[in-house]
Asker: 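One structure follows; several queries about it will come next.
Just so you know, these numbers come straight off a predicted model, no measurement behind them. This chain uses plain numbering: 1 for the first residue, then up along the sequence.
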Amino acid sequence: MKRISALLLALCMILSCTSALAGDSVNREGFPICDEPITITLAGMSSTAAAGNFQDTYVVKAIAEKMGIQLECTHYMGDVWNSKLNLMLATDTLPDLIVAANVGRNNAHLWGDQGYFLNIADYLDYMPNYKAFREANPDMAAYETTESGAIYALTSHKQSDLACVNDMTWINTRWLKNVGKEMPTTVEELYDVLKAFKEQDANGNGDPTDEIPLSFNTGAGQRMLWILRAAFGIYSTATDYVLQADEAGTVYLAETTENYKAYITFMRKLYAEGLVDNTCFIQTNDELNQKIASDRVGIFCHWNGSMYSTLGRSGPEVWDEWDFFPGVKSEYVDEIKFPIFTATTSGAWTMINANTKHPEAICRLLDYQYSEEGYVFFNYGEEGKTFNWAEDVLGNKYPSCAGFYNPEEMNETNYLYTVRISNGFNNFQVFHTNNSVENATAEELDLIIADASDGTLTTRAVAERCLRNYPLMMPFPNLTYTAEESEEMGNLSPDMTNFIATCRTSFITGTMDIDKEWDSFISTLEGMGLEKMLEFNQAAYSRQQH
């Protein structure tokens, strides 16, 4: 897990650009970016109401003071964002800058070719940090670039393996001891553990009926399915419509294989016997969290933040009761392998209006985020005002918000919503905590876990300690498509993905019979255009590999 990108080294070696003016008022280096203040309109998607108004964030105010750029921000909730974006495109009312867009890469390329978005490749002289970033991460650079060499949209990139471990799975080791079981390593052992959790009063409260052996949901916890699916040789962080390639480079759909049929058959068995939460496909994150915090769940999966916030408690005793669960193996695989996210985030997240009056200034603004200093600014604000530098137990520095908010009134996540635009200006992800943990020796990891003072640091250390024992599996890569491929796939992919998702749930819950309706499931996919979809993906995959 030492695959740290050469990005930081490359950034440190960037030569200073010669001071000059771009246009009338844009400085090529230093701050302010603009000697005379300018106004830039900005819009983006907010994934949660808790994130508040973009305009009120500290960073927006600091950009005006530091860079001479006034941002006029508008945010839209996720349920209306796509329709609002389409309306802006149709009525030629795009803002100067779009962040946190979360739109399909192919759509962004198509809109760029149609003249809606700026070709950032024409302004790379104003983006030395971004140029170094691309050179250090050629896979990401290829993903962001069209066939013609244009760059219409930026994405985000994680610089280390641990940053790609977003599916954090946990097992209650106290429950294991109470029922006399060891950490399961095969699907058969996992089944036995879950049966024991259900039948033997695993939480020790005297009630043998209140345990939920395994729980997840379709939000934070859906990643449990990825871990269980890996036991059958399917390594992906896509929930449905899972593409894979064999050793010969032939692309296929995992849901059409016997491995997938065996996986959903196993899941159906767990569901039918009450070993999986029967509300797993309808419960909210809050409902899942409440069950976990009340000691009713034996195995669960959640986001990759602090276990302390999930459990509602902290301290070394947490790690006496919980350990990272890497998954199991089956007759289909000979060892446990843990699936991780691609380092490059799929989709398009940052775009510039092709008709903006301030392309150079915006490019300089975006370029700042590709430096470590800029990353800290856009994500934590300014030292002494919104955060301070602290040291972990190993002496590594990291930005800390402690003392800047009242923990009785809000948690750190909600505080940071007041500081930064959530998912905006986040294309370069440093992850100080991950770097500290990945570079730690085994003895240093034990020190972090024994100290247990920082929930995020300790959570990552426990995950790292476990995953050093297992191979990490990169999923099928994000692909870019030609305009023709994108158009045809756009007509086929959504329906096919929705059909697979519906059947997956129906197979597991028993409303569809796996043995009786499997052939119909496959033939329906074929009738929906599976062969053509695979042809498109094979072509895109082959182009990328060569």
Side-chain angles (χ1 to χ4, degrees), residues 4-5 7-8 11 31 33 42 44-48 50-67 69 71 73 75 97-102 129-130 133 140 154-160 162-164 166 303-306 309 341 343-345 349-350 364-392 396-405 410-437 454-457 459-460:
I4 304 295
S5 151
L7 176 58
L8 291 179
L11 292 177
F31 297 116
I33 290 175
L42 176 150
M45 184 190 75
S46 180
S47 58
T48 172
N53 192 326
F54 288 178
Q55 193 68 47
D56 297 333
T57 58
Y58 178 89
V59 162
V60 168
K61 299 178 178 66
I63 287 172
E65 297 174 1
K66 184 183 184 76
M67 303 181 188
I69 297 176
L71 295 178
C73 304
H75 73 279
L97 177 62
I98 295 176
V99 300
N102 191 25
N129 293 312
Y130 175 60
F133 184 92
M140 184 226 70
L154 306 178
T155 186
S156 61
H157 183 84
K158 303 177 181 69
Q159 68 179 61
S160 67
L162 190 58
C164 298
N166 283 0
W303 299 134
N304 62 343
S306 170
S309 60
F341 275 67
T344 298
T345 303
W349 291 82
T350 306
R364 276 224 55 210
L365 171 66
L366 295 178
D367 185 62
Y368 188 45
Q369 69 183 313
Y370 290 95
S371 67
E372 185 164 359
E373 176 185 297
Y375 165 82
V376 173
F377 171 76
F378 283 118
N379 284 276
Y380 293 95
E382 296 181 295
E383 182 181 5
K385 297 179 180 179
T386 53
F387 80 95
N388 281 319
W389 288 100
E391 290 188 357
D392 61 30
N396 299 304
K397 289 187 176 182
Y398 66 96
S400 170
C401 302
F404 289 91
Y405 66 96
M410 65 174 68
N411 58 29
E412 181 175 312
T413 297
N414 287 332
Y415 167 71
L416 286 172
Y417 285 145
T418 71
V419 174
R420 64 194 182 199
I421 294 178
S422 182
N423 293 321
F425 302 107
N426 195 35
N427 297 347
F428 169 41
Q429 301 184 17
V430 175
F431 298 114
H432 294 81
T433 297
N434 290 334
N435 292 346
S436 296
V437 168
D454 184 292
T456 300
L457 180 67
T459 299
R460 305 304 285 181

Asker: Any non-hydrogen side-chain atom of Leu365 less than 4.5 Å from a side-chain atom of Phe425?
Answerer: yes
Asker: Is the side chain of Asn396 donor-acceptor paired with the backbone N or O of Asp392 at a distance under 3.5 Å, no angle test?
Answerer: no
Asker: May I ask you to decide if Val59's main-chain N or O and Glu382's side chain share a donor-acceptor pair within less than 3.5 Å?
Answerer: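 No; judged by distance alone, with no hydrogens or angles, the pair does not exist.
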Asker: May I ask you to test the Ile98-Trp349 pair for a side-chain heavy-atom distance under 4.5 Å?
Answerer: no
Asker: Measuring only between side-chain heavy atoms, which start at C-beta, is Phe404 closer than 4.5 Å to Thr418?
Answerer: no
Asker: If we count only N and O atoms by modelled type, under 3.5 Å, do the side chains of Tyr370 and Asn427 hold a donor and an acceptor together?
Answerer: yes
Asker: So which atom in Ser422 and which in Ala100 form the shortest heavy-atom distance, rounded to 0.1 Å?
Answerer: O-CB, 3.8 Å
Asker: Check whether any side-chain N or O of Thr155 sits under 3.5 Å from a backbone N or O of Thr345 as a donor-acceptor pair, and report yes or no.
Answerer: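 Yes, Thr155 side chain to Thr345 backbone: donor-acceptor pair under 3.5 Å.
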Asker: Is the shortest heavy-atom distance from the side chain of Arg420 to the side chain of Thr57 under 4.5 Å?
Answerer: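 Counting from C-beta outward, Arg420 and Thr57 never come under 4.5 Å.
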Asker: Work out which heavy atom in Phe377 is nearest to a heavy atom in Met67; give both atom names and the distance.
Answerer: CE2-CE, 3.8 Å
Asker: Donor-acceptor check, side chain of Glu65 to backbone of Ala62, threshold 3.5 angstrom: yes or no?
Answerer: no
Asker: Could you tell me whether the side chain of Arg460 and the main chain of Leu162 form a donor-acceptor pair under 3.5 Å?
Answerer: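 Checking the backbone N and O of Leu162 against the side chain of Arg460, a donor-acceptor pair under 3.5 Å is found.
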Asker: Flag the pair Asn411 / Asn414 as yes when at least one side-chain heavy-atom distance between them is below 4.5 Å, and no otherwise.
Answerer: yes
Asker: Is the positively charged end of Lys385 above the ring of Tyr58, judged by distance under 6.0 angstrom from the centroid and angle within 45° of the axis?
Answerer: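 Output no; distance or angle outside limits.
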Asker: Closest approach of Phe54 and Val60, non-hydrogen atoms and distance?
Answerer: O-CG2, 3.4 Å
Asker: Is the backbone N or O of Tyr368 less than 3.5 Å from a side-chain atom of Asn129, with the two atoms forming a donor-acceptor pair by type?
Answerer: no
Asker: Report yes if the side chains of Asn435 and Tyr398 come closer than 4.5 Å at any heavy-atom pair, otherwise no.
Answerer: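 No - every pair of side-chain heavy atoms lies 4.5 Å or more apart.
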Asker: Looking at Tyr380, is its backbone amide N or carbonyl O close enough to the side chain of Thr386 to form a donor-acceptor pair, meaning the two atoms are under 3.5 Å apart?
Answerer: yes
Asker: For the backbone of Gly374 and the side chain of Gln369, can you confirm whether one donor and one acceptor N or O come within less than 3.5 Å of each other?
Answerer: no
Asker: For the residue pair Phe387 and Ser400, establish whether any side-chain heavy-atom pair is separated by less than 4.5 Å.
Answerer: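 The answer is no; the side chains never approach within 4.5 Å.
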Asker: Does some side-chain heavy atom of Ile63 sit less than 4.5 Å from a side-chain heavy atom of Phe378?
Answerer: yes
